[in-house]
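Residues: numbered from 1 along the sequence shown. It should be emphasised that the depicted structure is a prediction, and the values quoted were computed from it without experimental measurement. No hydrogens, no waters, no symmetry mates; every other heavy atom, side chains included, goes into these values.
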Amino acid sequence: MIKFMTRKGGLLWGLILALFVAMLVDLPEARAEYGDVVINNYSDGAGMRPAIFPHWFHRMRFRCKVCHADLGFKFKAGGNEINMVKIIDGQFCGACHNGEIAWSVENCNLCHSGKPGTPTQVHESTIQKLVQPTGAPQKK
Ligand code: HEC
Ligand code: HEC
Ligand code: HEC
């Protein structure tokens, strides 16, 4: 313990602390890059709350390839013309949300959890941050 109190030790810990802080500051940025995707091409029109796709949550569990190659999800928020017929047919979200790989389709509210009227977007994306003035309300 005494060692940390020396000047050298203090510098070292200062450096480690600085690195740690830098990491913490970096984290929300990296996460925001592919943040939650709000998908609302049809939901509002159909009287459903917009669907929320927690990208980060899924990325931690599956490789990009599973969804963006094998399941054919295009790299574009709202770019896949997803609807419930396709999902129940086992396409898109329905490839996993079928009661086997993940909980099934009857859990409407787990996916349709967006605030009504929220447009299709990547929530808190880096680009969005540049466009919006800081202090803009953060809707979930
Ligand atoms: C695994 C996620 C998921 C579940 C569970 C889910 N949906 Fe969806 N649903 C979506 C996605 C994604 C879309 C496309 C959203 C959009 O573009 O507006 C969608 C679209 C819709 C639409 C508009 C398009 C269409 O097919 O008519 C309706 C209505 C809808 N869902 C109703 C439901 C109902 C009712 C349930 C429960 C029985 C349900 N959804 C469960 C993900 C889900
Ligand atoms: C479980 C499925 C899944 C996995 C795994 C996944 N993605 Fe996605 N990704 C999606 C879905 C769904 C969307 C939104 C598509 C839509 O709205 O129709 C999306 C959207 C995107 C977008 C477009 C965002 C925008 O700005 O419009 C990019 C880029 C992306 N993903 C990159 C990745 C990368 C990189 C990985 C791996 C590190 C990855 N994804 C893993 C399902 C997945
Ligand atoms: C490659 C498989 C896969 C695909 C495709 C997929 N999911 Fe999931 N999803 C999962 C798994 C696995 C879980 C975790 C289930 C559990 O905890 O039981 C999950 C969990 C979720 C959750 C809950 C997250 C939480 O915080 O607990 C939501 C919401 C969700 N998915 C929405 C969607 C929507 C919307 C789509 C389509 C746009 C989709 N998922 C496509 C596998 C998938």
Side-chain angles (χ1 to χ4, degrees):
M1 267 321 211
I2 307 265
K3 244 190 166 175
F4 302 158
M5 316 278 279
T6 65
R7 208 166 148 251
K8 249 190 179 163
L11 275 174
L12 186 63
W13 280 103
L15 193 70
I16 290 169
L17 191 72
L19 279 173
F20 187 63
V21 168
M23 269 168 64
L24 284 182
V25 169
D26 224 32
L27 225 102
E29 280 308 310
R31 183 188 176 128
E33 189 111 329
Y34 304 117
D36 290 357
V37 180
V38 181
I39 309 175
N40 192 4
N41 292 324
Y42 314 111
S43 298
D44 260 350
M48 284 301 284
R49 304 177 73 164
I52 304 280
F53 175 69
H55 207 181
W56 190 260
F57 177 97
H58 287 83
R59 278 181 59 188
M60 287 194 308
R61 288 163 176 77
F62 302 95
R63 287 164 174 268
C64 318
K65 181 181 171 289
V66 171
C67 293
H68 290 294
D70 301 350
L71 297 180
F73 277 103
K74 289 187 190 126
F75 287 104
K76 189 173 188 306
N80 289 284
E81 296 176 10
I82 304 169
N83 64 38
M84 289 318 292
V85 172
K86 292 178 186 170
I87 290 177
I88 290 162
D89 186 43
Q91 297 175 54
F92 299 115
C93 321
C96 299
H97 288 278
N98 54 11
E100 288 171 33
I101 299 170
W103 40 261
S104 68
V105 163
E106 59 262 27
N107 300 287
C108 317
N109 298 339
L110 294 184
C111 290
H112 291 279
S113 63
K115 220 173 147 182
T118 312
T120 298
Q121 63 180 290
V122 182
H123 193 72
E124 293 189 341
S125 73
T126 327
I127 294 166
Q128 198 186 344
K129 273 203 183 124
L130 290 175
V131 171
Q132 281 188 351
T134 44
Q138 305 220 321
K139 289 174 250 147
K140 240 230 141 101

To the nearest 0.5 Å, what is the distance between [atom1] on [X] and [atom2] on [Y]?
{"X": "His58", "Y": "Asp36", "atom1": "NE2", "atom2": "CG", "answer": "10.0 Å"}
{"X": "Asn83", "Y": "Ile88", "atom1": "CG", "atom2": "CD1", "answer": "9.0 Å"}
{"X": "Thr120", "Y": "Asn41", "atom1": "OG1", "atom2": "CG", "answer": "4.5 Å"}
{"X": "Phe53", "Y": "Phe92", "atom1": "CZ", "atom2": "CZ", "answer": "12.0 Å"}
{"X": "Met48", "Y": "Cys111", "atom1": "CE", "atom2": "SG", "answer": "9.0 Å"}

Is the side chain of His97 donor-acceptor paired with the backbone N or O of Val105 at a distance under 3.5 Å, no angle test? no

Where the side chain of Asn80 meets the backbone of Phe73, is there a donor-acceptor pair that is under 3.5 Å apart? no

For Ile52 and Val38: C-alpha separation, side-chain torsions, deciding distance, then whether side-chain contact (heavy atoms from CB on, under 4.5 Å) applies. CA-CA 5 Å; Ile52 304 280; Val38 181; 4.0 Å; yes

Answer with yes or no whether the hydrophobic clustering places Met84 together with Val37; edges join I, L, V, M, F, W, Y residues whose side-chain heavy atoms lie under 4.5 Å apart. yes

Heavy-atom pair of closest approach, residues [X] and [Y]:
{"X": "Ala95", "Y": "Leu71", "result": "CB-CD2, 3.5 Å"}
{"X": "Pro116", "Y": "Arg49", "result": "CD-NE, 4.2 Å"}
{"X": "Ser43", "Y": "Pro50", "result": "CB-CA, 3.7 Å"}

Scan side-chain atoms only and decide if Asp89 and Gln91 contain a donor-acceptor pair under the 3.5 Å cut-off. yes

Partners passing salt bridge (Lys or Arg N to Asp or Glu O under 4.0 Å) against Lys65 (at least two apart in sequence or in another chain): Asp70

Would a 4.5 Å heavy-atom cut-off, applied to side chains only, mark Tyr42 and Glu81 as touching? yes

Across all chains, not counting sequence neighbours, the side-chain hydrogen bond (donor to acceptor under 3.5 Å, both in side chains) partners of Asp44 are Asn40

